[in-house]
Amino acid sequence: MARMTGRRALLAVPVLLAVTLGVFAVAAAAPFDPVKAYAGTAGLTASQENLDQIRHNLGVDQPLLGRWWHWLTGALTGDLGDSATLRAPVSQVIGERIGWSVLLCALAFVIAIIVGTLLGVLAARRRGSLLDRAVTSAAYTLEAAPPFWLGLLAVWLFALKLGVLPAGGLTDTGSEVATAGQIARHVVLPALVLAVSQLPWFVLYVRQGVGDALEEDPVRGARARGLSERTVLLRHALRSGLLPVLTLIGSRVPELITGALLVETVFSWPGIAAATVQAATSVDFPLLAALTVLATAAVLVGNLLSDLLYGLADPRVGFDG
Amino acid sequence: MTARSIRSAAAALAGTMAFGAAACSTPSDGKGGAAGAQDSAVVGIAYEPESLSPLLGYGKDGNSKIFDGLLTHDADMKLRPALAAKLPEVSDDGRTYTYTLRDGVTFSDGKPFTADDVVFTYETILDEKTNNASKAELDALEKVEKKDARTVVFHLKYAYAPFAERTVLPIAPKHIAGKQDVNTGSFTTHPVGTGPYILTNWSKGEKLTFKANPHYWGGAPKVKNFTMAIIKDDDVRATRLRSGDLDGAILPPNLAATFKSAKDMKTLSAKTFDYRNVTLPTANEVTGDKAVRRALDIAVDRKAMVDGILDGAGKPAYGPVPTDSPWFAKGTERVHDLKKAERILDDAGWKKGENGIREKDGRPASFKLWYLAGDKLRQEHALAFASDAKKAGIEVKVESGPWEAIQPNMKTDAVLAGGGSPADPDFDQYLLLHSSLAGDGFNNMSRYDNPKVDKALVDARRTDDKAARKAGYDTVQRELADDPAYIFLTHIDHLYVVKDRWKDLTTQVEPHDHGLASGPWWNVEDWQPAK
């Protein structure tokens, strides 16, 4: 187990290096001009000399590899550089925002896992029943619905038509400070939408796993021994039926990140999504690279976690052979 | 899965969530829900500044709320002293401006404001290490000198009449901003100034919240809490205004019209210098032809654009100066006259071909017109221009793109451009028309080169004599009417819908940029409750 973790960590180094270099290369090839993005409207009346000076100050007149190397060596010593567009150190930009993104994602993930498992088990108990068909077809429909569309729908229904929940932001517009109560009210819609967009995979996996387990010999044996339905379900079917869900938890991380980007945008949630979009369109190299490293790391850790969990739960699988 | 591993996974998850809550940076000291209170106002704006540091260009045109300049503008855009005790004394050669500073002013952290702060601010902006894209506006400035604790002297490289207009730019505190990286330090997002409001929070992409500065030298504002919500989408802004979330917002004409019957709302329309024009590059053989330019200038139906595109909220433009400004050269209005336009083209040898498009020496009267992708107002102007030109036999191929795509083509293709600066005619016209700036960034995009205009522009900025300046800008406008290197189409009113809770709201004459200072909230510190 420790060996697998160590091996994966070693493998992560070249992956992260390649990903950051890729980000710099793609950004350098993009048609966007970082100086223009930096200067904003003032750039439209600035003199060329002035713009050239800013280009030099920002260091974007350097060749691609040099810029990447400069960023990399800085990052290794703990200096992530300065975000040009947000006019602040990258570490500060990320520090101020990542908490809100983590809060949103964690809530959504927990809701998706709990509700998904519950619905999946209910559906699996009587396959082919009305409940099963309803849950399954709803899950397939949701699978096809993009999170931003669900978000807009939720805003329209809960904020505009019913007026029960705020349409966006972290707090009420007029409020000066973020109280726990306000944040709790504002996180409901985005977290639910993100959870709902993740839900179908859990429902379908759990339904399949538990359903199959219910038909396996040990379960039938247990039934034959006259154990109660409740014990059969919880003690036997659920344990083997939930195994595939463990893999799913790790592999859903990338989807969760992209889903969060869209949901944050729809609900003006002050997480790292807005920063990511802005970093990309304004070719803000240091910020873009740091955010990509972060997302890549989350995906790698997610995969490792699911493999570890699976290995722990089912010793036959082992750790990386 | 064992029970132990389930528990540890749950603990890990809970840990992540706790970290999420702990890492949040917004303060939470318990009060809130200020919207709707008598002493608070929430407005919706479409624009967010890149930075709040005056050293990087924030608030350079005055009215920054957090800061004060040496001077400021009143409702009529006349200069008034702010951090200066009175208007500056100008030397006879127009090259030395002396400011006496107001006594007893403090920054919101309690430290006194002094001449050192003024010198620091201007010197930092001029420093080439400072990433300020507007520093060319201080080109005339040679050096700033502290004479004594209350006196600052500006020495100019050349006499520059509108210089005092530049000193509305906000003064930064040396004791804070001088101690950090000017481009990325915390001052750029957590500014400290002398202004009527103190920034309490800036949630990027969401809102800026302010509280009144109780020790403001101009008196504590009545509106104690002020919030600017950043809502880029017009429809969302209108919805949130209707739902009561906002007390006021800037809206495009069609959405502002939907609030006409709301009895507790009123619509304020701000006059502007905000124009839309079409650049006609001299390097292009079609748009560089004076006959084509003159024909297009009278072939366009400006009145129809104002009525159709702007819903009447604007006026026809014949040059950078709006027709109701005292700087406007009377008699340079051009009437829509398609017949005359066709005659000009016929006389110049542009003959109509089979497909209705004119030709001269085998060259079709055709050119490309770019507009900024996503800007609906520019798109409609571009299409209207193209359709008017077509009637005169000139083909305009409209194309859209981001500035990155437009800029490389500006030398030969036309662009639907915008601009406008009310403070002084020099600010616009020099950048727009002086031949020395032809093709310099986005300045003088038509690469206009007219020695008479060059001379008039320079003479008018060198003298302090109002009549001589007026004569200079009259010459510029008349030359522009004779050889329209730009076809000016409209001046656009900015519309604001505001709840009827305050007395006597006003607007200033506004520039092209929608800064934070525009709108009825230009003087929110002076607002009084209606009852």
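Hydrogens, waters and symmetry mates are skipped; everything else that's a heavy atom, side chains included, is used. Chain A is the first sequence line, chain B the second, and so forth, proteins listed ahead of strands; every chain is numbered from 1.
- With a 4.5 Å cut-off on non-hydrogen atoms, A/Pro89 touches chain B through its backbone and its side chain both.
- Looking at A/Leu305, neither its backbone nor its side chain comes within 4.5 Å of chain B, counting heavy atoms on both sides.
- If you take CD on B/Gln407 and NZ on A/Lys36, they are separated by 3.5 Å, rounding to the nearest 0.5 Å.
- For B/Ser203 against A/Pro270, the heavy-atom pair with the smallest separation is OG-CB, 3.8 Å.
- Of the two parts of B/Leu437, neither the backbone nor the side chain holds a non-hydrogen atom closer than 4.5 Å to a non-hydrogen atom of chain A.
- Here the side chains of B/Thr184 and A/Gln92 are not in contact, with every heavy-atom distance at 4.5 Å or above.
- Put simply, the side chain of A/Gln48 never gets that close to the backbone of B/Asp440: no donor and acceptor are under 3.5 Å apart.
- Put simply, of B/Leu432, B/Leu246, B/Thr188, the one with the most heavy-atom pairs under 4.5 Å next to chain A is B/Thr188.
- Here the NZ atom belonging to B/Lys135 is positioned 9.5 Å from the CD atom belonging to A/Glu49, to the nearest 0.5 angstrom.
- Per-residue counts of heavy-atom pairs under 4.5 Å with chain A were compared for B/Ser51, B/Ala229, B/Pro49, B/Gly185; the largest is that of B/Ser51.
- Proximity to chain B is limited to the side chain of A/Asn50, based on heavy atoms less than 4.5 angstrom apart.
- Considering only heavy atoms from C-beta on, B/Tyr58 stays 4.5 Å or farther from A/Arg87 through its side chain.
- Using a 4.5 Å cut-off between heavy atoms, B/Thr239 touches chain A through its side chain atoms alone.
- Put simply, the side chain of A/Asp82 reaches to within 4.5 Å of the side chain of B/Asp181, judged on heavy atoms.
- In this structure, CG on B/Leu56 lies 5.0 Å from OH on A/Tyr38, to the nearest 0.5 angstrom.
- No donor-acceptor pair under 3.5 Å is formed between the side chain of B/Asn131 and the backbone N or O of A/Asn57.
- For B/Arg242, no part lies near chain A; criterion is any non-hydrogen pair under 4.5 Å.
- For the atom pair CD of B/Glu128 and CD1 of A/Ile54, the computed distance is 11.5 Å after rounding to the nearest 0.5 Å.
- Heavy-atom distances place no part of B/Ser243 under 4.5 Å from chain A, backbone and side chain included.
- The distance from atom CD of A/Gln53 to atom CG of B/Asp127, rounded to the nearest 0.5 Å, is 8.5 Å.
- Annotation: A/Tyr205, atom OH; neighbour count of heavy atoms from other residues, nucleotides and ligands within 6.0 Å does not exceed 12.
- Both the backbone and the side chain of A/Ser47 have a heavy atom closer than 4.5 Å to some heavy atom of chain B.
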